[in-house]
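Computed from a predicted structure; not experimentally measured.
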Amino acid sequence: MRKNILLGLFVLLQIACSRQVVHVADLSGKNYQVDERAAEEDPEILAMIAPYKKTLDAKMTEIIGELDEQLVKSRPNSKLGNWFTDVLKEEAILLTGKPVDFAIQNYGGIRVPSLSKGPISVGKIYELMPFDNMLIVVELDGKATKLLVDKIAELNGWPISDGLSFSIEDGKSKDVTISGKPWKESDTYYVGIPDYIANGGDDCDFLLDYPRENTGKYIREVVIDHLRRKKVDGKKIIIDPTKRILTQ
């Protein structure tokens with residue numbers, strides 16, 4: 001029994017060290033009674049797992065940045081949300097060459113309440129964004145863009161990047177400004193967005209039929225690559241504290 005448990009851990013470690021995405025179509029199982037004897041370490045299995053665990057530990061503990069202050073998640077605005085979506089916007093432009101007007105992240109997609117002041121590890125970014133969501137850029141007409149901003153207002157705010165600002169009044173967006181100009185229904189806008197949202201998540205099915213370009217990268221990879229590049233270039237992490245969403 002204990003070999004089965006440890007072998008299961010071995011398989012999980014292999015998956016964690018790989019970028020392959022496994023989709024479960026069917027699942028069946030049995031209940032096993034686990035006691036202290038089953039939890040005893042098996043030297044043979046531990047020896048088998050050791051190289052993978054060492055690789056995984058080294059990957060997750062790599063320090064890729066340094067924060068000068070704690071970043072806390074909150075609605076409708078937060079420094080954590082500002083920083084995260086500013087990164088997505090910057091990287092979306094680099095990866096696609098599109099003139100991205102703004103980027104967004106659904107509030108529930110950020111899975112930690114805060115990032116502590118001090119070193120940032122790869123593992124912390126995995127905690128921040130554990131989902132296999134891709135960063136994509138969608139090309140929206142003015143009508144769909146307003147529907148998206150209204151959805152954000154209805155939910156009392158999501159993290160949004162620079163390039164977008166608006167007020168919330170009676171659950172609707174008002175005075176929407178995009179790339180420094182008032183929103184126009186006749187204009188076209190490029191938005192960096194998780195594929196979860198672009199594929200209709202959080203009741204955003206109105207985005208389904210619009211043109212899109214996939215960056216080919218998970219959002220957590222985008223953030224990790226961004227931080228690594230900043231570190232190599234010797235650049236500090238800059239946090240814009242501007243309130244992008246105003247409430248009445």
Side-chain angles (χ1 to χ4, degrees), residues 67-93 98-115 128-129 131 133 135-207 210 219-220 222-223 226 237-248:
L67 280 175
D68 290 338
E69 59 180 304
Q70 182 186 39
L71 303 183
V72 178
K73 173 185 170 183
S74 64
R75 295 181 196 258
N77 299 282
S78 73
K79 289 184 179 180
L80 177 56
N82 282 12
W83 169 73
F84 191 84
T85 49
D86 284 350
V87 170
L88 298 191
K89 178 185 174 182
E90 181 179 334
E91 295 300 309
I93 293 170
K98 302 288 187 184
V100 178
D101 293 287
F102 63 91
I104 69 167
Q105 174 64 55
N106 57 309
Y107 189 78
I110 296 179
R111 303 304 292 179
V112 298
S114 65
L115 284 179
L128 179 72
M129 173 52 67
F131 306 117
N133 292 151
L135 174 62
I136 69 173
V137 173
V138 292
E139 180 182 343
L140 301 178
D141 58 28
K143 182 179 179 180
T145 302
K146 185 61 162 58
L147 286 173
L148 178 59
V149 178
D150 279 341
K151 173 60 65 176
I152 296 171
E154 176 189 330
L155 297 172
N156 197 33
W158 281 355
I160 62 174
S161 75
D162 66 344
L164 174 63
S165 64
F166 62 93
S167 299
I168 299 176
E169 185 174 318
D170 298 326
K172 293 285 188 179
S173 65
K174 181 181 176 183
D175 301 324
V176 179
T177 299
I178 300 174
S179 295
K181 299 177 182 179
W183 165 83
K184 288 185 179 180
E185 187 170 348
S186 59
D187 284 352
T188 297
Y189 300 100
Y190 292 91
V191 184
I193 191 170
D195 62 350
Y196 166 72
I197 299 300
N199 291 332
D202 280 356
D203 297 323
C204 291
D205 54 331
F206 55 87
L207 301 175
Y210 285 89
I219 287 177
R220 61 171 172 266
V222 168
V223 177
H226 175 88
I237 297 174
I238 304 299
I239 312 299
D240 179 3
T242 304
K243 291 183 177 181
R244 296 159 184 180
I245 302 175
L246 301 178
T247 55
Q248 299 294 326

Which atoms form the tightest heavy-atom contact between [X] and [Y], and what is the distance?
X	Y	result
Gly157	Ile168	N-CD1, 4.3 Å
Asn156	Arg75	O-CB, 3.5 Å
Trp183	Tyr189	CA-OH, 3.6 Å

Point to revise | Residue pairs fulfilling salt bridge (Lys or Arg N to Asp or Glu O under 4.0 Å) with at least one residue in residues 155-182, sequence neighbours excluded | key: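 Residue pairs with at least one partner in residues 155-182: Lys89-Asp162, Glu169-Lys174.
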Review point. Residues two or more places apart in sequence or in another chain: which of them pass side chain to side chain contact (heavy atoms under 4.5 Å, CB included) with Thr177?
Key: Ser165
Practice item. Working to the nearest 0.5 Å, report the span between OG1 of Thr145 and CG of Asp187. Key: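 Rounded to the nearest 0.5 Å, the OG1-CG separation comes to 9.0 Å.
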**Study point:** Spatial distance of atom CD1 (Ile237) from atom CG (Asp86) [nearest 0.5 Å]
**Key:**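 Atom-to-atom, Ile237:CD1 and Asp86:CG are 12.5 Å apart.
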Point to revise | Partner residues of Glu69 under the side chain to side chain donor-acceptor pair (under 3.5 Å) criterion, sequence neighbours left out | key: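 Only Lys79 meet the side chain to side chain donor-acceptor pair (under 3.5 Å) criterion with Glu69.
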Exercise for review: Please list, chain by chain and in numerical order, all residues satisfying side chain to side chain donor-acceptor pair (under 3.5 Å) with Lys146, sequence neighbours excluded.
Suggested key: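 In terms of side chain to side chain donor-acceptor pair (under 3.5 Å), with neighbours along the sequence ignored, Lys146 is linked to Asp150, Ser173.
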Check your understanding: Does Thr242 offer a backbone N or O that forms a donor-acceptor pair with the side chain of Asn82 under 3.5 Å?
Key ->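 Checking the backbone N and O of Thr242 against the side chain of Asn82, a donor-acceptor pair under 3.5 Å is found.
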Practice item. Keeping the roles fixed (side chain from Asn77, backbone from Arg244), state whether a donor-acceptor pair exists under 3.5 Å. Key: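 Pair found, side chain donor or acceptor close to backbone of Arg244.
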Got a list of side-chain donor-acceptor pairs under 3.5 Å for residues 101-113, not counting sequence neighbours?
residue : atom : partner : partner atom : Å
Asp101  : OD1  : Ser179  : OG           : 2.8
Asp101  : OD2  : Tyr190  : N            : 2.9
Arg111  : NH1  : Gly108  : O            : 2.8

If you look only at distance, which donor and acceptor atoms sit under 3.5 Å apart when one is on a side chain in residues 197-207 and the other is two or more places apart or in another chain?
residue : atom : partner : partner atom : Å
Asn199  : OD1  : Arg212  : NH1          : 2.7
Asn199  : ND2  : Asp195  : O            : 3.1
Asp202  : OD1  : Tyr196  : OH           : 3.2

